[in-house]
Asker: 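Here it is, the structure in full.
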Amino acid sequence: MASESTPTKEGDSQALRSSRWPGCCTCFSAAKAQKGTKPEESTIEIPVEVPIDSPEQALSLGSAMLEQLGRVFEGSEGWQPELPRPVKRPAGTAALEGFQVESRPLSGPLGNSGLRLFRGRCVLAGDPGAFYNFLVSPEGYRVIDPDSDPSDLGKAIEVFDFRDPNITLQVEVFKLRLPIPLLRPRSGVVLNLKDARSKSFLSTSILHKALPGGSRYQDREPLDGGRGSGVVRMTTASGLQLVALPEQPKRFELRNFLLIDLGGMIGSAKVNNKAALASFEAKFLRLADKARELH
């Protein structure tokens with residue numbers, strides 16, 4: 001019987017792992033360029049599983065993460081509206097203002113993965129600067145990802161000098177409990193970038209010595225942590241950004257993009273996409289509660 005860390009379809013896994021960029025980087029590239037459109041408007045590239053063996057590699061990846069941020073949130077081409085299943089809110093809890101979620105297919109190296117890139121937004125009350133400071137604190141981490149092991153949240157494994165006092169760039173590991181019986185916790189290592197100027201918090205899965213192994217989207221390292229490791233590797237790329245509303249003082253727009261592959265026996269893109277979509281409203285409601293508390 002296959003272990004829980006074995007991909008559902010080995011053939012699909014091999015195909016995905018062989019579709020990589022030089023340096024064992026895999027890049028999620030959303031939307032094919034269409035005739036008459038500018039490449040920067042029609043292509044979104046989100047690198048994952050990039051090996052980080054040196055400061056130069058970390059700085060290059062950090063720059064790429066910042067560069068694609070505007071295209072993810074500002075573009076309209078290729079995005080389609082999604083209708084998340086409503087979550088049960090406590091009595092007296094207000095609905096989210098301006099809440100919407102959209103998604104688009106991926107092309108390029110992972111075009112055959114079936115995964116989609118999701119983005120959502122809503123309007124919150126409060127000061128975006130103060131709320132950003134909360135978001136990038138360990139307490140903020142816990143509100144964003146309550147199922148993650150709290151001992152790992154915000155703990156830097158390696159820190160890099162981005163040569164910009166507004167930006168923090170560091171490697172972190174995580175372990176995530178899944179609300180599904182019999183499934184092992186998911187583990188991963190990410191490069192996290194916090195930019196106080198743009199009020200953004202970006203994260204992407206990487207390959208790093210802090211956690212040997214990798215996902216099905218690379219072939220430099222053993223799948224997960226190798227046979228007998230007990231590790232099930234999760235692949236993710238995400239970003240949060242707070243945008244002030246000039247005509248509405250003390251209010252701001254919360255933006256979030258996300259793609260995930262939970263790994264292991266959850267090899268179905270449909271299941272991973274459903275999990276990503278379902279996360280938005282619950283996450284935004286938690287953040288809205290905290291924004292009201294801080295306001």
Asker: So do the side chains of F201 and Y141 get within less than 4.5 Å of each other, counting heavy atoms only?
Answerer: yes

Asker: Give every residue pair that meets the side-chain hydrogen bond (donor to acceptor under 3.5 Å, both in side chains) criterion with at least one member in residues 123-139, sequence neighbours excluded.
Answerer: E139-K290

Asker: Tell me, with the steps shown, if E102 and Q100 meet side-chain hydrogen bond (donor to acceptor under 3.5 Å, both in side chains).
Answerer: CA-CA 7 Å; E102 301 169 296; Q100 63 176 341; 5.0 Å; no

Asker: In terms of side-chain geometry, is the basic nitrogen of E82 or K274 positioned less than 4.0 Å from the acidic oxygen of its partner?
Answerer: no

Asker: Within the structure provided, determine whether S148 and L153 are in side-chain contact (heavy-atom separation under 4.5 Å).
Answerer: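 Yes, at least one pair of side-chain atoms sits under 4.5 Å.
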
Asker: Going by distance alone, is a donor N or O of one side chain under 3.5 Å from an acceptor N or O of the other, for Q170 and N192?
Answerer: no

Asker: Could you grab the distance from atom CG of L169 to atom CZ of R163, nearest 0.5 Å is fine?
Answerer: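 Answer for the CG-CZ pair, L169 versus R163, is 11.0 Å.
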
Asker: Side chain to side chain contact (heavy atoms under 4.5 Å, CB included) for R184 and M265? Distances and angles first, verdict last.
Answerer: CA-CA 10 Å; R184 298 176 185 170; M265 295 301 288; over 6 Å; no

Asker: Please walk me through it: do L207 and R220 pass side chain to side chain contact (heavy atoms under 4.5 Å, CB included)?
Answerer: CA-CA 9 Å; L207 303 179; R220 190 183 89 157; 4.2 Å; yes

Asker: Using a 4.5 Å cut-off on heavy atoms from C-beta on, say whether the side chain of L135 contacts that of L287.
Answerer: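 When only atoms from C-beta onward are counted, L135 and L287 do touch, with a gap below 4.5 Å.
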
Asker: Working note: R177 + D149, criterion side chain to side chain contact (heavy atoms under 4.5 Å, CB included); need CA distance, chi angles, decisive distance, verdict.
Answerer: CA-CA 8 Å; R177 302 183 308 273; D149 186 337; 5.6 Å; no

Asker: Please round to the nearest 0.5 Å and tell me the distance separating atom NE2 of H208 and atom CG of D53.
Answerer: 7.5 Å

Asker: Are any side-chain N or O atoms of S63 and backbone N or O atoms of L59, one a donor and one an acceptor, separated by less than 3.5 Å?
Answerer: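 The answer is yes, because a donor-acceptor pair under 3.5 Å joins these two groups.
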
Asker: Identify the two heavy atoms, one from A269 and one from S113, that lie closest to each other, and give their separation to 0.1 Å.
Answerer: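 Nearest heavy atoms, A269 then S113: CB-O, 3.3 Å.
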
Asker: If we check side-chain contact (heavy atoms from CB on, under 4.5 Å) with D195, which of these qualifies: T168, I167, L202, L69?
Answerer: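 Exactly one option meets the side-chain contact (heavy atoms from CB on, under 4.5 Å) with D195, and it is I167.
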
Asker: Are L245 and L242 in one and the same hydrophobic cluster, where Ile, Leu, Val, Met, Phe, Trp and Tyr link if side-chain heavy atoms are under 4.5 Å apart?
Answerer: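 Each belongs to a different hydrophobic cluster.
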
Asker: Do the side chains of L66 and F162 get nearer than 4.5 Å, heavy atoms only?
Answerer: yes

Asker: Can you measure from OG1 (T236) to CD1 (I260) and round to the nearest 0.5 angstrom?
Answerer: 6.5 Å

Asker: Assess, by modelled atom type and distance only, whether the side chains of S200 and S198 contain a donor and an acceptor separated by less than 3.5 Å.
Answerer: yes

Asker: Please report the C-alpha distance between E77 and R71 in whole Å, then the side-chain angles of each, then the deciding distance to 0.1 Å, and finally whether the salt bridge (Lys or Arg N to Asp or Glu O under 4.0 Å) criterion is met.
Answerer: CA-CA 10 Å; E77 179 188 342; R71 292 203 300 272; over 6 Å; no

Asker: So which heavy atom on V50 is nearest to which on I206, and how close?
Answerer: O-CB, 3.4 Å

Asker: Of all residues at least two apart in sequence or in a different chain, which pass the salt bridge (Lys or Arg N to Asp or Glu O under 4.0 Å) check with R121?
Answerer: E253

Asker: What's the separation between atom CG in D147 and atom CZ in F174, rounded to the nearest 0.5 Å?
Answerer: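 One gets 12.0 Å once the value is rounded to the nearest 0.5 Å.
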
Asker: Is the shortest heavy-atom distance from the side chain of S187 to the side chain of V173 under 4.5 Å?
Answerer: no

Asker: Same cluster for V243 and L240 if Ile/Leu/Val/Met/Phe/Trp/Tyr side chains link at under 4.5 Å?
Answerer: no

Asker: Within the distance-only criterion (no hydrogens, no angle test), does the side chain of N273 pair as donor or acceptor with the backbone N or O of L117 below 3.5 angstrom?
Answerer: no

Asker: How about L223 and Q218: do any of their side-chain heavy atoms sit closer than 4.5 Å?
Answerer: no

Asker: Would you call R251 and E97 a salt bridge, using N to O less than 4.0 angstrom?
Answerer: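 Judged by the 4.0 Å cut-off on N to carboxylate O distance, R251 and E97 do form a salt bridge.
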
Asker: May I ask whether V123 and L254 are part of the same hydrophobic cluster, defined by side-chain heavy atoms of I, L, V, M, F, W, Y residues being less than 4.5 angstrom apart, directly or through others?
Answerer: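 Not linked; separate clusters.
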
Asker: When you measure from the side chain of Q68 to the backbone of M65, do you find a donor-acceptor pair of N or O atoms at a distance under 3.5 Å?
Answerer: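 Answer holds: yes.
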
Asker: Let me check something: do L294 and L96 share a hydrophobic cluster, defined by ILVMFWY side-chain heavy atoms less than 4.5 Å apart, either directly or through other members?
Answerer: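 Looking at the clustering, L96 is in the same group as L294.
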
Asker: Sequence neighbours excluded and cut-off under 3.5 Å, please list the side-chain donor-acceptor pairs for residues 276-283, or say none.
Answerer:
residue	atom	partner	partner atom	Å
S279	OG	A276	O	2.7
E281	OE1	V87	N	3.3
K283	NZ	N256	OD1	2.6

Asker: Under a 3.5 Å distance rule, please check whether R292 uses its side chain to pair with a backbone N or O of A125 as donor and acceptor.
Answerer: no

Asker: Any chance the side chains of E49 and T235 put a donor and an acceptor closer than 3.5 Å?
Answerer: no

Asker: Under a 4.5 Å cut-off applied to non-hydrogen side-chain atoms, are R116 and L259 in contact?
Answerer: no

Asker: Do the ring centers of F131 and F252 come within less than 6.0 Å of each other?
Answerer: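 Yes, they do, as the ring centres are separated by less than 6.0 Å.
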
Asker: Between E293 and F134, is there a side-chain heavy-atom distance shorter than 4.5 Å?
Answerer: no

Asker: Is it true that R286 and D289 make a salt bridge, defined as a side-chain N closer than 4.0 Å to a carboxylate O?
Answerer: no

Asker: Decide yes or no on side chain to side chain contact (heavy atoms under 4.5 Å, CB included) for V190 and T204, but give the supporting numbers first.
Answerer: CA-CA 5 Å; V190 290; T204 193; over 6 Å; no

